[in-house]
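Working notes, beginning with the structure itself.
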Number of protein chains: 2
Amino acid sequence: MPWELKADRPIYAQLIEQIELKICSGIYAPGSRLPSVRDLAREASVNPNTMQRALAKLEEDGLLYSTRTSGRFVTEDDNVIYQVKNKLAQEQIQDFLKKMKQLGFENKEILSMLKTMLEEVKR
Amino acid sequence: MPWELKADRPIYAQLIEQIELKICSGIYAPGSRLPSVRDLAREASVNPNTMQRALAKLEEDGLLYSTRTSGRFVTEDDNVIYQVKNKLAQEQIQDFLKKMKQLGFENKEILSMLKTMLEEVKR
DNA sequence: ATTATTGTATTAAGCACTTAATACAATAAT
DNA sequence: ATTATTGTATTAAGTGCTTAATACAATAAT
């Protein structure tokens with residue numbers, strides 16, 4: 001999964017989101033080591049400072065921790081990850097429902113449109 | 001519905017979205033006149049230039065049109081609105097599903113979580 | 001005709017984000 | 001001990017967003 005960075009939002013915020021996703025989905029496994037700031041920055045075609053900023057935030061949230069020179073690691077605490085994963089999911093659902101209702105769709109419509117989309121994606 | 005503007009994204013982009021929503025949901029009815037740029041800007045606590053920028057974009061998309069001095073109006077073309085409404089809905093659904101899958105949820109889970117949330121909101 | 005209101009354009013300043021270049025601090029590897 | 005790699009910090013410059021102040025253009029209302 002490559003890095004997807006759009007210009008309509010601060011890059012550091014997008015980096016936070018995408019790294020969060022990779023941790024919650026297990027792509028970055030608990031306890032595993034991340035590439036170095038410099039490597040991650042190169043990978044994402046981003047300035048190291050920008051990547052550092054994103055990582056610092058995730059560290060603040062407890063998803064990552066860093067040791068002085070051996071690198072930066074995903075937390076081993078499964079519970080922290082689980083909590084974040086569910087928090088993000090709840091937010092996604094609520095935001096989605098809010099937007100759809102603002103657009104003027106009813107619960108039934110939302111559900112049926114979603115089901116339709118799920119069927120289509122299967123194929 | 002008041003104006004909700006967060007600091008994590010360009011204001012003009014948020015204005016575009018929210019006005020789009022109001023048009024698609026009929027809060028701003030087809031053919032109806034919008035408040036003036038200055039009034040809208042005051043209403044949203046935003047600089048007139050910023051509001052102007054958002055309106056210009058919506059005009060470009062065909063949702064609005066302006067006459068020199070009698071103001072700015074929502075298009076009378078129901079079809080244009082319908083198209084935009086559905087395009088936005090499709091985007092919402094796809095983005096939502098993408099994020100949820102990246103988080104590691106299966107179709108079944110997504111559907112059941114959504115249903116649960118819909119039940120809760122009812123109350 | 002005059003006035004007020006509309007959309008529109010311009011210029012300048014402040015701010016946050018981003019990049020760039022560089023340096024320092026700590027320690028694992030040698 | 002030395003070296004390389006790690007995270008971290010600093011300073012400066014460029015860019016885009018936002019605000020502010022102002023002016024102009026067109027026309028509906030009077």
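Note that these values count all heavy atoms, side chains included, but never hydrogens, waters or copies made by symmetry. Chain letters run A, B, ... following the sequence lines, proteins first and then strands; every chain starts at 1.
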Taking the minimum atom-to-atom distance to the side chain of [X], which one of [options] wins?
{"X": "A:R38", "options": "C:dA23, C:dT19, C:dA25", "answer": "C:dA23"}
{"X": "B:V46", "options": "D:dT19, D:dG7, C:dG7", "answer": "D:dT19"}
{"X": "B:T69", "options": "C:dT6, C:dT19, D:dA20", "answer": "C:dT6"}
{"X": "B:Y12", "options": "D:dC17, D:dG7, C:dC17", "answer": "D:dC17"}
{"X": "B:S70", "options": "C:dG7, D:dA28, D:dG7", "answer": "D:dA28"}

How many Å lie between [atom1] on [X] and [atom2] on [N], as a whole number?
{"X": "B:N49", "N": "D:dA23", "atom1": "CG", "atom2": "P", "value": "15 Å"}
{"X": "B:Q52", "N": "C:dT8", "atom1": "CD", "atom2": "P", "value": "5 Å"}
{"X": "B:N47", "N": "C:dT10", "atom1": "CG", "atom2": "P", "value": "16 Å"}
{"X": "A:Y65", "N": "D:dT6", "atom1": "OH", "atom2": "P", "value": "16 Å"}
{"X": "B:K6", "N": "D:dC17", "atom1": "NZ", "atom2": "P", "value": "20 Å"}
{"X": "B:D8", "N": "C:dC15", "atom1": "CG", "atom2": "P", "value": "20 Å"}
{"X": "A:L55", "N": "D:dA9", "atom1": "CG", "atom2": "P", "value": "13 Å"}
{"X": "A:K57", "N": "D:dT8", "atom1": "NZ", "atom2": "C1'", "value": "19 Å"}

Taking atom types as modelled and ignoring hydrogens, do the side chains of [X] and [Y] form a donor-acceptor contact shorter than 3.5 angstrom?
{"X": "A:Y65", "Y": "A:E76", "answer": "yes"}
{"X": "A:Q102", "Y": "B:S25", "answer": "no"}
{"X": "B:W3", "Y": "B:E43", "answer": "yes"}

Any ion pair linking A:E20 and A:K57 (charged N to carboxylate O, less than 4.0 Å)?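 Not counted as a salt bridge, because no side-chain N and carboxylate O are separated by less than 4.0 Å.
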Closer than 4.0 angstrom, basic N to acidic O: yes or no for B:E106 and B:K101?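 Salt bridge between B:E106 and B:K101, a charged N being under 4.0 Å from a carboxylate O: no.
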Under 4.0 Å between a side-chain N or O of [X] and OP1 or OP2 of [N]?
{"X": "B:R68", "N": "D:dT27", "value": "no"}
{"X": "A:R53", "N": "C:dC17", "value": "yes"}
{"X": "B:R33", "N": "C:dT6", "value": "yes"}
{"X": "B:S66", "N": "C:dT8", "value": "yes"}
{"X": "A:T50", "N": "C:dT19", "value": "yes"}

So do [Y] and [X] actually touch side chain to side chain, heavy atoms under 4.5 Å?
{"X": "B:Q18", "Y": "B:L5", "value": "yes"}
{"X": "A:M51", "Y": "A:I19", "value": "yes"}
{"X": "A:N49", "Y": "A:R53", "value": "no"}

Give DNA chain C the dot-bracket treatment, 5' to 3': Watson-Crick (N1-N3 with N6-O4 or O6-N4) or G-U (N1-O2, O6-N3) under 3.5 Å, [ ] crossing, | other strand. ||||||||||||||||||||||||||||||
